[in-house]
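Below you'll find the structure, written out as structure tokens, and then a few comments.
Each ligand, and each atom within it, is numbered from 1 in the order the structure gives.
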Amino acid sequence: MKTQKGKLVVVSAPSGCGKTTLIQRLLERNQSLVRSVSYTTRLPRTGEVNGRDYFFVSEDDFKAKKAADFFLETAKVFDSWYGTSRDFVLEHVANGKNVVLAIDVQGMKQINQKRTSNKLSMISIFILPPSPDALQERLRNRKTENAGEIDQRLREAKAELAQKHLYDFQVINTDIDRAVQELEEIVK
Ligand code: 5GP
């Protein structure tokens with residue numbers, strides 16, 4: 001029997017929308033889903049684990065990988081580089097897994113452009129905060145960024161929100177249980 005190819009599930013959200021928790025919950029409940037662990041040149045935050053949250057690499061290492069066409073897409077976000085491993089994604093999709101990519105709008109656009117040549121099917125989901133105030137509050141409460149970084153992330157969030165119409169689906173994260181359920185229904 002021919003194995004059905006999996007699809008890409010691209011999830012974007014401005015910082016502070018609760019994306020990490022949502023995706024974690026979605027993965028726990030759906031065995032057919034696997035999350036792509038991105039590579040980044042930013043430093044780990046407290047509690048982040050190399051290989052689980054990200055692969056934390058040096059700028060030189062990232063550049064070498066980029067030159068070797070290791071990445072399916074890359075983007076510079078908040079002065080750091082981020083990228084998705086091409087082999088990880090293509091291998092899992094070939095094995096029938098649906099691969100969740102938690103990436104920004106720049107990355108979604110690159111994958112969207114390449115999907116025909118890579119014969120990939122993709123659905124894209126944008127996570128929205130209940131309100132702009134909620135976003136600001138969450139960013140301040142999680143205490144992982146300083147005031148300057150928070151302002152930068154809020155500016156970036158505004159720019160990302162202006163592009164939400166490029167996505168197939170939009171999910172408002174007002175209530176986490178409801179948002180996870182909505183995501184599950186979309187992915188199915
Ligand atoms: P953070 O540093 O807060 O974990 O992530 C910052 C931003 O980078 C978020 O919007 C996140 O979705 C995005 N991001 C994380 N990994 C990747 C990736 O591999 N590619 C792209 N394009 N964006 C990523």
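Protein heavy atom in closest approach to atom 4 (O) of ligand 1: Tyr54 OH, 2.5 Å. Annotation: atom 2 (O) of ligand 1 to nearest protein heavy atom, Tyr82 OH, 2.4 Å. Scanning the protein for heavy atoms near atom 7 (C) of ligand 1, the closest one is Val77 CG1, 3.8 Å. Atom 19 (O) of ligand 1 has its closest protein heavy atom at Ser38 OG, 2.6 Å.
The part of Lys19 lying near ligand 1 is the side chain, judged by heavy-atom distances below 4.0 Å. Neither the backbone nor the side chain of Gln106 comes within contact range of ligand 1; no heavy atom lies under 4.0 Å. Contact annotation: for Lys109 versus ligand 1, there are no heavy atoms closer than 4.0 Å. With a 4.0 Å heavy-atom cut-off, ligand 1 is reached by the side chain of Arg45 but not by its N, CA, C or O.
Here's the thing with Gly83: one of its N/O atoms is less than 3.5 angstrom from an N/O atom of ligand 1. When only interatomic distances are considered, the shortest N/O to N/O separation between Asp104 and ligand 1 falls below 3.5 Å. For ligand 1, the polar-atom distance check against Glu73 finds a nitrogen or oxygen pair separated by under 3.5 Å.
Checked by atom type and distance alone, the side chain of Asn98 never pairs as donor or acceptor with a backbone atom of Leu33 at under 3.5 Å.
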Exercise. Do Asp151 and Arg155 pass the salt bridge (Lys or Arg N to Asp or Glu O under 4.0 Å) test, and can you show the C-alpha distance, the side-chain angles, and the key distance before you say yes or no?
Worked result: CA-CA 6 Å; Asp151 285 346; Arg155 275 197 305 277; 5.6 Å; no
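A side-chain hydrogen bond (donor to acceptor under 3.5 Å, both in side chains) with Asn112 holds for exactly one of Lys114, Arg115, Gln110; it is Arg115.
Between Phe62 and Phe71, the ring planes lie parallel to each other; the angle is under 30°, not in the 30° to 60° tilted range.
The closest approach between a heavy atom of Phe78 and any atom of ligand 1 is below 4.0 Å. The shortest heavy-atom distance from Met108 to ligand 1 is not under 4.0 Å.
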